[in-house]
Structure formats: structure tokens, C-alpha cells
Amino acid sequence: MSKIYKVSQAAELLGVSVSTMQRWDREGRIKAYRNAANRRYYTQEQLNKYLGISEKDRKNIAYARVSSAGQKRDLVDQMDFLIQYCNAKGIIIDEHITDIGSGLNYKRPKWNKLLQEVEDRKVDKIYVTYKDRFVRFGFDWFADFCKRHGAEIIVVNNPKTSPDKELVDDLTSIIHMFSSRLYGLRRYKKQIETDPSLKDGDKND
């Protein structure tokens, strides 16, 4: 069954306003369907056709990630599990992506390239063994981002592929980051307190 979009959702996907969608409907540029309440709606096929996208061109991607090169065995295990899962369900995987980098790092080249392909509507589904394999925090936001661009992240939920040690390392990184910031703020405060040019600021205004 084709996915259905309200006018506001279709407008967001196409990057135009609701009034533009309504005008295009009147002009026959993208003719809207009407429900029982006479409200406009659009199908995924309509939007894909307008964007020049063929569903058969969209890729299914298996994505696996670990934090360090020393975890390459875990990387292999993740991908093996995804391949077995998809094979059992008759799903054809078009691309296998193995990534090395912290789930807290939003500058992973392979990961960003994948997100760009999602934005370009080249991706149908992304298969991961666990949510934090894709990103450590903010998974729901990225899942919604994919959904807005016609893609979906499928979480197979294999807890064995989410090492506890990696979580500890990521939490340690967060604590270190905030500790450094706190130290910087205290140092900045001390500089202000000892700067004679700032003590009589009201008189110099």
C-alpha cells in the first residue's frame, strides 16, 4: 500500500508552501486526491514522480559501526548478522557500509554520505543491529529525518552488537567534554574578576 501524505507533509517534502501545493492542485501540476472529508492528500508515487525518482532506484543498505579499529571482529559480526537477517526475509541488500568511529561523532564521512543519499531520496531502508550502531544519541530525530525523505531505519535489535565497554567510553568522553568546558568557564570568570579594565566598567561608559 502506498504511503499517504497530508498537504502540509507533501509541501515539506517538496520544499514548498501549502498554498503552492493547493495552487498546483488547481493547475493540475500535481493533482491531489480527496478523502471522504474532501481533504487533499498525496501518495508516495505522486511525489516520487514529481521528483523524478523511481522506487526501483532506491537502495537497501546494511550499516554497521564500531568505535575503534580494535573492534573489527565486532564489525564483522554485525554485518554477518544483518546479512543473515535480510537473507532469511528475502531482502536484497544493495550496499554494505562498515564504519569505524564514535557514535557521538557526527562528522563520520561514510555516515554523512549515507545521510546525504537519504536526503537525495536514493535510500529505501537502512538496516542496523541496534539503535546506537547508527548514532549514540538522538536516534529518533534521525529516524524522523529519514522518514521525511521516504526512507526508513530498520533496527534488528541484537543487543550483542552494542558492547557495554563502548557505551562506557562514550559516557567518559561526554564527562570529559563537560569537565573541560566547566574548567574553561571558571578560568574565564577568574580573568574577568582580575581584569582592572572591567572593574569600573560603569564609570567608563
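Ring geometry for Phe145 versus Trp141: interplanar angle under 30°, hence parallel rather than tilted (30 to 60°). By the 30° and 60° cut-offs, the orientation of the rings of Tyr63 relative to Phe134 is perpendicular. Ring pair Tyr127/Tyr85 is tilted by interplanar angle, where 30° to 60° counts as tilted.
For the pair Asp74 and Arg133, the salt-bridge criterion is not met [side-chain N within less than 4.0 Å of a carboxylate O]. Using a cut-off of 4.0 Å between Lys/Arg side-chain N and Asp/Glu carboxylate O, Lys113 and Glu117 are scored as salt-bridged. Between Lys59 and Asp124 there is no salt bridge, since none of the side-chain N atoms of the basic residue sits less than 4.0 Å from a carboxylate O of the acidic one.
The local environment of NZ in Lys72 is sparse, with at most 12 non-hydrogen atoms from other residues, nucleotides or ligands closer than 6.0 Å. At most 12 non-hydrogen atoms from other residues, nucleotides or ligands lie less than 6.0 angstrom from OH of Tyr33. In the displayed structure, Arg39 atom CZ is contacted under 6.0 Å by at most 12 heavy atoms of other residues, nucleotides or ligands.
The minimum heavy-atom distance between Leu51 and Arg121, with the atom names listed, is CD1-NE, 3.2 Å. Smallest separation of non-hydrogen atoms from Val118 and Ala151: CG1-CB, 4.1 Å. Arg108 approaches Val135 most closely through the heavy-atom pair NH2-CA, 4.2 Å.
Arg65 places a side-chain N or O within donor-acceptor distance of the main-chain N or O of Asp132, the cut-off being under 3.5 Å. When atom types are taken as modelled, the side chain of Asn35 and the backbone of Ala37 share a donor-acceptor pair closer than 3.5 angstrom. When atom types are taken as modelled, the side chain of Trp111 and the backbone of Tyr106 share no donor-acceptor pair closer than 3.5 angstrom. Side-chain atoms of Glu12 do not come within 3.5 Å of backbone N or O of Gln9 as any donor-acceptor pair.
In this view, Asp144 and Arg148 satisfy the side chain to side chain contact (heavy atoms under 4.5 Å, CB included) rule, not counting sequence neighbours.
Rounding to the nearest 0.5 angstrom, the gap separating the NZ atom in Lys125 from the CG atom in Asp94 is 11.5 Å.
For Tyr130 and Phe81, the ring centers sit 6.0 Å or farther from each other.
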